[in-house]
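Small disclaimer: the values here were computed from a predicted structure and weren't measured.
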Amino acid sequence: MGEIRFNRLGFGAESVAYQEAWDEQRRVHAARFADEVPDTCLLLEHPPVYTAGRRTEDSERPLDGTPVVDVDRGGKITWHGPGQLVGYPIQKLPRPVDVVAHVRRLEEALIRTCADFGLETTRVEGRSGVWVLGDPLESRPALGGLSLDFDPRLEDEEFDARLNGPEYAPSNAGQRREDRKVAAIGIRVAKGVTMHGFALNVNPDNTWFDRIVPCGIRDAGVTSIAHEMGRDITIADVLPVAERHLRDVLENAELKPREVEKPTDQAEKAAEEPAEPAGPAERALA
């Protein structure tokens, strides 16, 4: 893979409004599709904003009517804001596009970044992003101080963690010794070119996540590098480290098209039958 260009759009007092960054993504996406620019990664910080991917449900949005920006990426609802490093890699991938491989590369770069600050992170099967693992279920304190045979967040249809205070708040997952996400990933691939990307929690106020069901996951929470390490770590500290690992992983990746399985006899028969027209050339994941 060729060289990737990094564009630092704005941080701190110069943080970039979400709509402005989204417009810039679309501009660079069109230019990359036309081969007018090289692969480009936008790096920035946003003012506080909730964004909802296409699979977001009403029951996962803020209860207080806080505005939410609905976007065209994969995944569900999340928060962006001060203390969070956001990256939007805009890359042209070989077709058929391997979306999962792209997500895994982003995860790898962020896992390496966290490791450089002494934080051990990993992937969780079936859940994208970068995670700090909690204790085994049998070793965790009982939710609400009660010995229950079930987690009400998952088993009780009428239970809403957003209404039940700090004991169930996503920002307190570490106190409950649960799995907690330190970096979220949500992407879109249109015309073979990626958009959107990752959000790495460096030192944000994680209570912003308590108003929503982050990424639609009810039995885990959120954390940050600074919180886990118990010391002051800033965007300025993490930015060059993340950029170095993103460059190393993305530039040295051996990009391959997604493998397409040979059709079985039944699949060949189905392929001969009339089908509805295909939708837009895009893929989404979170």
Side-chain angles (χ1 to χ4, degrees), residues 18 46-84 86 121 123-187 196 198-201 203-224 226-228 284-286:
Y18 189 84
H46 284 305
V49 61
Y50 293 103
T51 70
R54 291 174 168 177
R55 297 190 296 111
T56 302
E57 300 177 10
D58 289 342
S59 62
E60 297 161 350
R61 295 171 180 263
L63 286 170
D64 59 4
T66 300
V68 175
V69 179
D70 289 281
V71 296
D72 57 358
R73 60 165 170 78
K76 296 199 172 192
I77 191 167
T78 192
W79 172 84
H80 298 308
Q84 187 184 73
V86 175
T121 59
R123 299 177 176 89
V124 171
E125 183 68 27
R127 294 177 170 177
S128 69
V130 176
W131 294 81
V132 176
L133 293 183
D135 293 347
L137 282 173
E138 61 273 13
S139 301
R140 298 177 190 173
L143 286 170
L146 300 175
S147 296
L148 301 176
D149 293 330
F150 62 88
D151 185 339
R153 296 171 297 178
L154 299 176
E155 303 294 338
D156 186 344
E157 294 182 357
E158 297 184 358
F159 183 87
D160 193 330
R162 297 170 298 173
L163 295 171
N164 282 268
E167 287 182 315
Y168 295 91
S171 62
N172 287 331
Q175 295 180 27
R176 297 190 298 270
R177 303 202 294 272
E178 295 176 339
D179 294 351
R180 47 222 184 259
K181 183 180 284 190
V182 71
I185 295 175
I187 69 168
H196 300 286
F198 67 85
L200 175 63
N201 295 334
N203 62 349
D205 176 359
N206 281 327
T207 60
W208 282 94
F209 289 100
D210 296 344
R211 301 185 189 182
I212 60 175
V213 181
C215 302
I217 299 174
R218 299 180 182 274
D219 61 334
V222 295
T223 191
S224 67
H227 178 77
E228 292 294 328
L285 183 73

Check whether any side-chain N or O of Gln84 sits under 3.5 Å from a backbone N or O of Trp79 as a donor-acceptor pair, and report yes or no. yes
With sequence neighbours left out, the residues meeting side chain to side chain contact (heavy atoms under 4.5 Å, CB included) with Val213 are Glu60, Arg162, Arg218
Which class fits the ring pair His80 and Tyr18: parallel under 30°, tilted 30 to 60°, perpendicular over 60°? parallel
Would you give the length of the straight line joining atom OG of Ser128 to atom CD1 of Ile187, rounded to the nearest 0.5 angstrom? 9.0 Å
Check the pair Arg176, Asp219 against salt bridge (charged side-chain N to carboxylate O under 4.0 Å, His left out), reporting the backbone distance first and the verdict last. CA-CA 11 Å; Arg176 297 190 298 270; Asp219 61 334; over 6 Å; no
One pair to check against side-chain contact (heavy atoms from CB on, under 4.5 Å): Thr56 and Arg61. What are the steps and the verdict? CA-CA 8 Å; Thr56 302; Arg61 295 171 180 263; 4.1 Å; yes
A side-chain contact here means heavy atoms from C-beta on lying under 4.5 Å apart; do Pro82 and Pro48 qualify? yes
Residues passing the side chain to side chain contact (heavy atoms under 4.5 Å, CB included) test with Ala161, sequence neighbours excluded, are Arg153, Phe159, Tyr168
For Thr66, side chain to side chain contact (heavy atoms under 4.5 Å, CB included) partners two or more places apart: Tyr50, Pro62, Asp64, Arg211
Value rounded to 0.5 Å, distance of CZ in Arg177 from CG in Asp135: 5.0 Å
Say you draw a straight line from CG of Leu154 to CD1 of Ile217; how long is it, rounded to the nearest 0.5 Å? 11.0 Å
What do the steps show when you test Arg54 against Lys76 for side-chain contact (heavy atoms from CB on, under 4.5 Å), and what is the final call? CA-CA 6 Å; Arg54 291 174 168 177; Lys76 296 199 172 192; over 6 Å; no
Is there side-chain contact between Thr78 and Pro214, with at least one heavy-atom pair below 4.5 Å? no
OG1 of Thr121 to CD of Glu228: how many Å apart, nearest 0.5 Å? 10.0 Å
Is there a side chain to side chain donor-acceptor pair (under 3.5 Å) between Asn203 and Ser224? Walk through the geometry before answering. CA-CA 6 Å; Asn203 62 349; Ser224 67; over 6 Å; no
Which heavy-atom pair separates Ile212 from Pro170 by the least distance, and what is that distance? O-CG, 4.3 Å
Less than 4.5 Å apart, side chain to side chain, heavy atoms only: is that true for Val132 and Arg180? yes
Got a donor-acceptor contact below 3.5 angstrom from the Asn172 side chain to the Glu167 backbone? no
Rounded to the nearest 0.5 Å, how far does CD1 of Ile77 lie from CG of Asp58? 10.0 Å
Indicate yes or no: at least one non-hydrogen side-chain atom of Arg73 is less than 4.5 angstrom from one of Thr51. yes
Between the side chain of Asn201 and the main-chain N/O of Asn206, is any donor-acceptor distance below 3.5 Å? no
